[in-house]
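Scroll down for the structure; my scribbles are underneath it.
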Amino acid sequence: MDTVKDTPLLPKYVFWDVNPENLDFTKDKKFIISRMFERGNLDDVLSLVTYYGKNEAGDTLKSNKYLSRPGLFLAHSLLGLPLRDFNAYVTLKHD
C-alpha cells in the first residue's frame with residue numbers, strides 16, 4: 001500500500017526570491033533541499049528530510065558544489081555523513 005506524503009511548507013523567508021507555490025517537489029528537488037539546508041530553521045529542515053528521506057537529501061547535498069558553511073555542517077550533523085563526502089567541503093576554506 002502506497003502512502004501519500006504531505007508536502008512540507010516552503011517558507012517565504014527561505015524562498016524570498018521565487019514564488020514557493022511555483023516550485024515542483026520533484027523537478028526542483030535540488031534547489032529546494034539546498035536552499036532549505038542553507039537558510040531554513042531546524043523544524044523546516046526536519047520536515048524536508050521527513051518528506052525526501054535522509055538518503056535523498058544526503059545524495060543531493062553531497063553533489064552540491066556550493067553549499068554554505070552552516071548548511072554543510074547542518075547536513076553533516078543531521079544526516080550523519082562525513083564532511084569529506086560533500087563536494088562543497090572541498091571548496092570550503094579551512095581556517
Side-chain angles (χ1 to χ4, degrees):
M1 179 165 101
D2 290 333
T3 57
V4 176
K5 296 180 189 178
D6 290 332
T7 55
L9 295 176
L10 299 178
K12 290 218 179 250
Y13 77 92
V14 175
F15 298 95
W16 74 94
D17 57 341
V18 297
N19 183 348
E21 295 173 8
N22 293 338
L23 293 174
D24 180 283
F25 277 86
T26 301
K27 291 190 306 189
D28 301 315
K29 170 180 63 176
K30 290 180 181 182
F31 174 69
I32 292 169
I33 291 172
S34 296
R35 179 67 70 90
M36 196 71 92
F37 266 83
E38 289 186 333
R39 301 194 179 263
N41 67 36
L42 185 58
D43 287 337
D44 295 330
V45 171
L46 290 174
S47 69
L48 193 76
V49 171
T50 299
Y51 180 78
Y52 285 112
K54 278 186 169 185
N55 290 337
E56 190 70 35
D59 289 347
T60 298
L61 294 168
K62 287 190 298 186
S63 67
N64 191 338
K65 291 181 183 178
Y66 307 104
L67 190 60
S68 69
R69 184 181 205 96
L72 175 63
F73 283 95
L74 177 61
H76 159 68
S77 299
L78 187 63
L79 302 175
L81 298 170
L83 284 171
R84 297 204 186 281
D85 285 359
F86 293 89
N87 287 338
Y89 184 74
V90 174
T91 61
L92 186 68
K93 289 191 177 190
H94 305 287
D95 299 329

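Just so you know, these numbers use all the heavy atoms, side chains as well, and skip hydrogens, waters and symmetry mates. We're numbering straight along the sequence, starting at 1. If you're wondering where the values come from, they're calculated on a predicted model, not measured in any experiment.
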- Query: Given Phe86, which of Leu61, Thr91, Asn64 fulfils the side chain to side chain contact (heavy atoms under 4.5 Å, CB included) condition?
  - Reply: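 Of Leu61, Thr91, Asn64, side chain to side chain contact (heavy atoms under 4.5 Å, CB included) with Phe86 is met by Leu61 alone.
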- When Pro8 is tested against each of Ile32, Asp43, Leu48 for side chain to side chain contact (heavy atoms under 4.5 Å, CB included), which residue passes? Leu48
So how far is it from [X] [atom1] to [Y] [atom2], rounded to the nearest 0.5 Å?
{"X": "Tyr52", "Y": "Thr7", "atom1": "OH", "atom2": "OG1", "answer": "9.0 Å"}
{"X": "Met36", "Y": "Tyr51", "atom1": "CE", "atom2": "OH", "answer": "12.0 Å"}
{"X": "Leu74", "Y": "Ser68", "atom1": "CG", "atom2": "OG", "answer": "9.0 Å"}
{"X": "Leu42", "Y": "Leu78", "atom1": "CG", "atom2": "CG", "answer": "6.5 Å"}
{"X": "Thr60", "Y": "Ile33", "atom1": "OG1", "atom2": "CD1", "answer": "4.0 Å"}

Under 6.0 Å from the [atom1] atom of [X], do we count more than 12 heavy atoms belonging to anything else shown?
{"X": "Tyr13", "atom1": "OH", "answer": "yes"}
{"X": "Leu46", "atom1": "CG", "answer": "yes"}
{"X": "Lys62", "atom1": "NZ", "answer": "yes"}
{"X": "Asn55", "atom1": "CG", "answer": "no"}

- Residues Phe15, Asn22; criterion side-chain contact (heavy atoms from CB on, under 4.5 Å); working and verdict: CA-CA 11 Å; Phe15 298 95; Asn22 293 338; over 6 Å; no
- Query: Any Lys/Arg nitrogen of Asp28 or Arg35 sitting under 4.0 Å from an Asp/Glu carboxylate oxygen of the other?
  - Reply: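 Here Asp28 does not pair with Arg35 in a salt bridge, since their nearest N and O are not under 4.0 Å apart.
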- Item | Worked check of side-chain contact (heavy atoms from CB on, under 4.5 Å) between Val18 and Phe31 | CA-CA 11 Å; Val18 297; Phe31 174 69; 4.2 Å; yes
- Heavy-atom distance under 4.5 Å between the side chains of Lys12 and Pro20, does that happen here?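 Yes - at least one pair of side-chain heavy atoms lies under 4.5 Å apart.
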- Apply side-chain contact (heavy atoms from CB on, under 4.5 Å) to the pair Trp16 and Arg39, showing each step before the final yes or no. CA-CA 11 Å; Trp16 74 94; Arg39 301 194 179 263; 3.4 Å; yes
- Query: So, the side chain of Glu38 versus the backbone of Gly71: is there a donor-acceptor pair under 3.5 Å, distance only?
  - Reply: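 Checked: no pair found.
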- Message: Restricting to ring pair (Phe, Tyr, Trp, His ring centres under 6.0 Å), what partner residues turn up for Phe73, sequence neighbours left out?
- Response: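 For Phe73 there are no ring pair (Phe, Tyr, Trp, His ring centres under 6.0 Å) partners, ignoring immediate neighbours.
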